[in-house]
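Right, one structure below, let's go through it.
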Amino acid sequence: MNNEWLTIAMPKGRIFDEAVELLRLAGYDLPPEFEESRKLIIESESAGMRFILAKPMDVPTYVEHGVCDVGVAGKDVLIEEERDVYELLDLQISACYMAVAALPGYERKKDIAPKVATKYPNLASSYFRAQGEQVEMIKLNGSIELAPLVGLADRIVDIVSTGQTLKENGLVETEEMMTITSRLIVNPVSYRMKAAAIDEMVTRLEPVIAKEETSE
Ligand SMILES: Nc1ncnc2c1ncn2[C@@H]1O[C@H](COP(=O)(O)OP(=O)(O)OP(=O)(O)O)[C@@H](O)[C@H]1O
Ligand SMILES: O=P(O)(O)OC[C@H]1O[C@H](OP(=O)(O)OP(=O)(O)O)[C@H](O)[C@@H]1O
């Protein structure tokens, strides 16, 4: 393994294709096996880069521990995970937003803390704390919209993109909390030791992001 190379933590799933496209537009030569393979470590000799393919929620962990120099992670994941990493760039991909939702007509009962189901307990707790509202958090790992339907929770905090999941499950959005996009993050030590390669990456990505933004 060449230690001069940049090691990049890429999120598998939704963000992956858009992140790969951005890197290719920035001029990085990525192997065609990227999109097809089941390999979890992929190297590009011409780009001088090694990619590891991780679960989106784990990307900041790989970067914080320094096994990856940089990574691509949703702002939602960065807020939830609170890892010791620097955020370098808003890549403006995989845009969505975080919202509070409930069954129509839901009203908070006096003196009882409402139950909130979410995949993002830290993010949701700080949001409600900032609002001065006491809630009981129920951590789920997916199918969050199910919780109010079966009486597990009064409200949910979850990502909304098209709104289709809320609609099809008869839920309504009560508060829009924050917009979410994917970010380029870096390990603080890597940022000092591999400053030239990381700065070059930012310099190459910036015009591509701006161009993508104006073409939307
Ligand atoms: N509609 C959406 N739902 C969820 N995440 C979205 C959506 N649109 C964009 N995103 C971004 O994609 C990331 C999640 O990607 P993905 O759904 O592939 O991972 P995941 O939630 O860990 O998946 P799973 O647990 O289903 O494997 C989020 O962190 C968010 O930044
Ligand atoms: O507004 P929409 O376009 O409908 O997208 C939002 C839905 O997508 C995500 O779920 P995902 O598909 O990742 O499944 P999950 O429930 O297993 O997390 C998210 O948690 C919402 O449920």
Side-chain angles (χ1 to χ4, degrees), residues 8-23 34-40 42 51-64 68 70-83 85 87-104 106 115-127 137-150 152-186 205 209 212-213 216:
I8 304 174
M10 293 286 278
K12 291 201 281 184
R14 275 193 170 90
I15 304 175
F16 186 77
D17 285 350
E18 276 187 272
V20 169
E21 194 196 340
L22 215 55
L23 289 169
F34 228 70
E35 284 94 338
E36 295 134 33
S37 155
R38 294 283 301 164
K39 278 170 81 173
L40 299 174
I42 297 178
F51 296 89
I52 70 123
L53 275 52
K55 286 291 280 183
M57 202 63 108
D58 295 335
V59 163
T61 310
Y62 288 92
V63 176
E64 180 184 61
C68 290
V70 301
V72 175
K75 185 67 181 175
D76 50 327
V77 167
L78 295 175
I79 296 172
E80 181 61 24
E81 287 286 303
E82 290 183 322
R83 297 286 172 171
V85 297
E87 203 180 296
L88 283 185
L89 263 186
D90 183 346
L91 299 172
Q92 294 177 25
I93 55 170
S94 301
C96 52
Y97 63 96
M98 193 66 72
V100 186
L103 282 166
Y106 163 75
K115 291 180 182 161
V116 176
T118 185
K119 209 168 163 176
Y120 301 89
N122 294 328
L123 178 152
S125 296
S126 36
Y127 176 81
M137 210 55 69
I138 299 178
K139 163 84 164 76
L140 292 177
N141 293 301
S143 300
I144 313 299
E145 291 80 2
L146 194 55
L149 306 182
V150 296
L152 179 66
D154 304 296
R155 289 193 265 178
I156 61 166
V157 165
D158 199 16
I159 284 176
V160 181
S161 172
T162 60
Q164 192 184 344
T165 313
L166 288 180
K167 196 170 168 218
E168 287 194 17
N169 290 290
L171 298 176
V172 289
E173 199 181 300
T174 56
E175 291 153 67
E176 186 172 328
M177 298 161 69
M178 65 193 72
T179 22
I180 309 280
T181 47
S182 294
R183 313 296 165 106
L184 185 72
I185 57 169
V186 64
L205 283 166
I209 297 165
E212 291 290 291
E213 198 185 14
E216 272 165 23

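For ligands, and for the atoms within them, numbers begin at 1 and follow the listed sequence.
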**OP:** Could you pull out the closest heavy-atom pair between S182 and D90, with the gap in Å?
**Re:** O-OD1, 3.5 Å
Original post:
For D154 and K115, which heavy atoms make the closest approach, and how far apart are they?
Top reply: OD2-N, 2.7 Å
Subject >> Minimum heavy-atom distance between L91 and R183, given as atom pair plus value >> reply: CD1-C, 3.9 Å
Original post:
So, do V100 and V116 sit near enough that their side-chain heavy atoms are less than 4.5 Å apart?
Top reply: no
**OP:** Look only at interatomic distance and state if G163 has a nitrogen or oxygen under 3.5 Å from any nitrogen or oxygen of ligand 2.
**Re:** yes
**OP:** Kindly write out the residues that satisfy ring-ring contact (aromatic ring centres under 6.0 Å, His included) with Y120, not counting sequence neighbours, or none if the list is empty.
**Re:** none
**OP:** Pick one of side chain, backbone, both or neither for how V160 approaches ligand 2, counting any non-hydrogen atom pair under 4.0 Å.
**Re:** both
**OP:** Check ligand 2 against T162 and write out every atom of the ligand that is under 4.0 Å from a heavy-atom position of the residue.
**Re:** 1 (O), 2 (P), 3 (O), 4 (O)
**OP:** For atom NZ of K12, decide whether the heavy atoms of other residues, nucleotides or ligands shown that lie under 6.0 angstrom number more than 12.
**Re:** yes
Original post:
Within a distance of under 4.0 Å, is there any protein heavy atom near atom 14 (O) of ligand 2?
Top reply: no
**OP:** Please assess L152 against L146 for the test side-chain contact (heavy atoms from CB on, under 4.5 Å), listing each intermediate value before the final yes or no.
**Re:** CA-CA 8 Å; L152 179 66; L146 194 55; over 6 Å; no
Subject >> Straight-line distance of L171 CG to L103 CG, nearest 0.5 Å >> reply: 5.5 Å
Original post:
Can you list the atoms of ligand 2 that are under 4.0 Å from a heavy atom of E145?
Top reply: 21 (C), 22 (O)
Subject >> Non-hydrogen atom of K119 closer than 4.0 Å to ligand 2 >> reply: yes
Original post:
For atom 6 (C) of ligand 2, which protein heavy atom lies nearest, and how many Å away is it?
Top reply: I159 O, 3.3 Å
Original post:
Relative to the heavy atoms of R14, which atoms of ligand 2 are at a distance of less than 4.0 Å?
Top reply: 8 (O), 9 (C), 11 (P), 12 (O), 13 (O)
Subject >> Contact residues of ligand 1, where a non-hydrogen atom lies under 4.0 Å away >> reply: K12, G13, R14, I15, K55, P56, G74, D76, V77, S94, C96, K119, I159, S161, I180
Original post:
Can you name the closest pair of heavy atoms from P56 and P11 and give their distance?
Top reply: CA-CB, 3.9 Å
**OP:** Check whether any N or O atom of N141, backbone or side chain, sits under 3.5 Å from an N or O atom of ligand 2, and answer yes or no.
**Re:** no
Original post:
Considering only heavy atoms of S143, which atoms of ligand 2 have at least one such atom less than 4.0 Å away?
Top reply: 15 (P), 16 (O), 17 (O)
Original post:
Any salt bridge between K119 and E80, counting N to O under 4.0 Å?
Top reply: no
Original post:
Just which atoms of ligand 2 are under 4.0 Å from any heavy atom in T165?
Top reply: 2 (P), 4 (O), 5 (O), 6 (C), 7 (C), 22 (O)
Original post:
Of L166, I138, L140, which meets side chain to side chain contact (heavy atoms under 4.5 Å, CB included) against I156?
Top reply: L166
**OP:** Name the closest protein heavy atom to atom 19 (C) of ligand 2, giving the residue it belongs to and the distance to 0.1 Å.
**Re:** D158 OD2, 3.5 Å
Original post:
For K39, does the NZ atom have more than 12 heavy-atom neighbours from other residues, nucleotides or ligands under 6.0 Å away?
Top reply: no
